[in-house]
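Data block below; observations after.
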Amino acid sequence: MTITRRGFLIASGAAVGLLRASGAPAQQPPAPVPGKEKLIVRSPRPANLEARLGDLTAYHTPEDVFFVRNNYDAAPIDPAQWSVKIEGEVDNPLVLRLDDLKKLPMVVQDVTLECAGNGRSFHKPRASGIQWEHGAVGNGAWKGVRLADVLSPARPRSAGRHVAFDGYDKPPTPQAPDFIRSVPMWKALEPHTILALEMNGKPLAHLHGGPARAIVPGFVGSASVKWLERIVVLVDEFDGFYMKSNYTAPRADNEKQVYSLQSLEVKSVIVGPSEGARLAAGRTAVWGWAWSGEGELTGIDVSTDGGQSWTEGTFTGSWSRYSWRKWEYEWDARPGTHTVMARASDSLGRIQPTSRAFNRLGYRWNVIHAVKVDVA
Amino acid sequence: MWRSLRAPAILAFTAGIAVGLRLAPASAQNTPIPRTPGWELVMRCVICHSVEVAVQQRFGPKGWSDTLDRMIKYGAPIPPEDKEQLLVYLLRHYRDADGR
């Protein structure tokens with residue numbers, strides 16, 4: 001057994017002892033995480049914190065409402081002591097410190113990160129995993145260096161077709177799988193793929209992967225590995241648990257086989273009005289965010305009659321290739337109960353569906369978002 | 001290429017126990033789980049993760065059994081006799097309506 005009996009007794013005994021001393025359990029949610037008090041705590045350890053849609057009002061999601069998804073937590077890292085290894089199928093393995101990275105050309109780009117399991121709680125029956133609703137998504141301004149510029153001096157061999165990221169987060173037991181994700185070389189070398197050192201103009205916070213994390217735009221959030229320790233060039237896709245088991249979905253052509261998730265789905269959410277809102281009749285702004293992984297958004301349609309009819313909405317405000325886009329629709333609301341819906345489409349010919357086939361791990365939830373409102 | 005991570009993992013695990021001592025009681029206190037036979041066994045899960053991770057899941061007998069087997073494979077201190085009791089507890093309170 002890898003967990004020592006003494007260690008187990010200490011941990012479980014302390015937990016049980018306090019529970020007994022406290023009598024009936026407190027009927028309250030988990031304690032908030034400092035600096036993240038506005039987020040819903042899906043689990044304190046590892047930290048999994050979700051934004052409320054009503055807090056996602058800014059194009060750049062402020063750090064205090066930016067979701068956190070950790071498979072494992074990492075101990076805080078002193079930036080002065082941090083380094084990352086570049087190894088594997090390379091002719092010149094490297095160890096780079098923060099100062100080395102800062103000598104490379106810096107880029108700043110807006111990228112929307114979304115957890116692959118965002119929306120999992122809407123699957124029926126309940127899918128396995130953290131029960132996210134809509135808020136495991138956020139849009140950051142990420143400053144850092146291109147991964148291509150980091151890989152180039154290491155001289156990847158031509159056989160290297162994939163790049164794996166391993167962070168300083170480690171599983172709590174030696175038997176549990178390390179959290180390692182790989183991306184294809186074409187994505188690693190894409191100019192938008194970076195090692196981020198800053199988020200929204202500030203050094204990357206620990207909960208968001210500081211001092212340095214991968215940002216792999218358009219891919220599911222798990223590709224953007226935090227607390228980078230090693231970047232490994234591989235011949236094949238990494239074959240660990242978090243590539244071959246978790247973060248997989250059934251293939252369209254053969255449901256018995258799975259593939260490792262890459263691109264996010266085309267998706268939109270309605271921020272205003274909120275579910276259950278009571279509105280005054282008249283002109284009402286319906287608005288929200290839309291994004292689309294590897295595709296580019298081509299349209300946003302809005303329905304105020306539960307999907308019977310659709311009208312084109314308008315994209316507005318700032319955006320960039322891999323950011324979400326704000327959309328708006330001016331609705332002349334009449335008295336009654338209405339179901340407001342939004343449906344985005346993209347350049348890959350994808351359009352948000354009305355349903356999503358159940359998959360065991362609850363991924364790919366991009367079903368059309370609907371909110372019910374009362375107009376008086 | 002993937003050098004052994006055992007030593008760092010053990011260090012991380014040791015740190016995890018320390019973190020667990022600090023966080024697990026608060027987490028458990030704040031998570032109302034029914035005090036029926038077997039509930040103490042759930043506290044063994046908090047060595048690695050907070051109670052919330054477990055009790056937001058819903059499975060049937062096979063799903064929970066497979067999940068416990070996986071956790072045991074990863075080092076959860078749940079011997080066979082306790083696994084059965086824990087399974088009964090989880091199915092009593094966190095069973096999927098469809099019985100998966």
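Computed over heavy atoms, backbone and side chain alike; hydrogens, waters and symmetry mates excluded.
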- Message: Walk me through whether E52(B) and V41(A) qualify under side-chain contact (heavy atoms from CB on, under 4.5 Å).
- Response: CA-CA 9 Å; E52(B) 288 83 357; V41(A) 180; 6.0 Å; no
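Side-chain atoms of R45(A) come within 3.5 Å of backbone atoms of V46(B) as a donor-acceptor pair (strictly under, hydrogens ignored). At least one donor-acceptor pair under 3.5 Å links the side chain of R126(A) to the backbone N or O of Q56(B). The backbone N or O of Q57(B) sits nowhere less than 3.5 Å from a side-chain atom of Q131(A) that would complete a donor-acceptor pair.
Counting non-hydrogen atoms of neighbouring residues, nucleotides and ligands closer than 6.0 angstrom, the CZ atom of R161(A) reaches no more than 12 such neighbours. Within a 6.0 Å sphere centred on CD of E255(A), heavy atoms belonging to other residues, nucleotides or ligands number 12 at most.
V88(B) is linked by a side chain to side chain contact (heavy atoms under 4.5 Å, CB included) to nothing, counting only residues two or more places apart in sequence or in another chain. Among residues two or more places apart in sequence or in another chain, the side chain to side chain contact (heavy atoms under 4.5 Å, CB included) test is passed with R356(A) by H123(A), E265(A), P353(A), R364(A), W365(A), N366(A), V367(A).
Each of S43(A), P44(A), P46(A) was compared with H49(B) under the side chain to side chain contact (heavy atoms under 4.5 Å, CB included) criterion, and only P46(A) meets it.
Separation of atoms CD1 (I72(B)) and CD (Q175(A)) is listed at 12.0 Å; rounding is to 0.5 Å.
Looking at P172(A) and Y74(B), their side chains never come closer than 4.5 Å, going by heavy atoms from C-beta outward.
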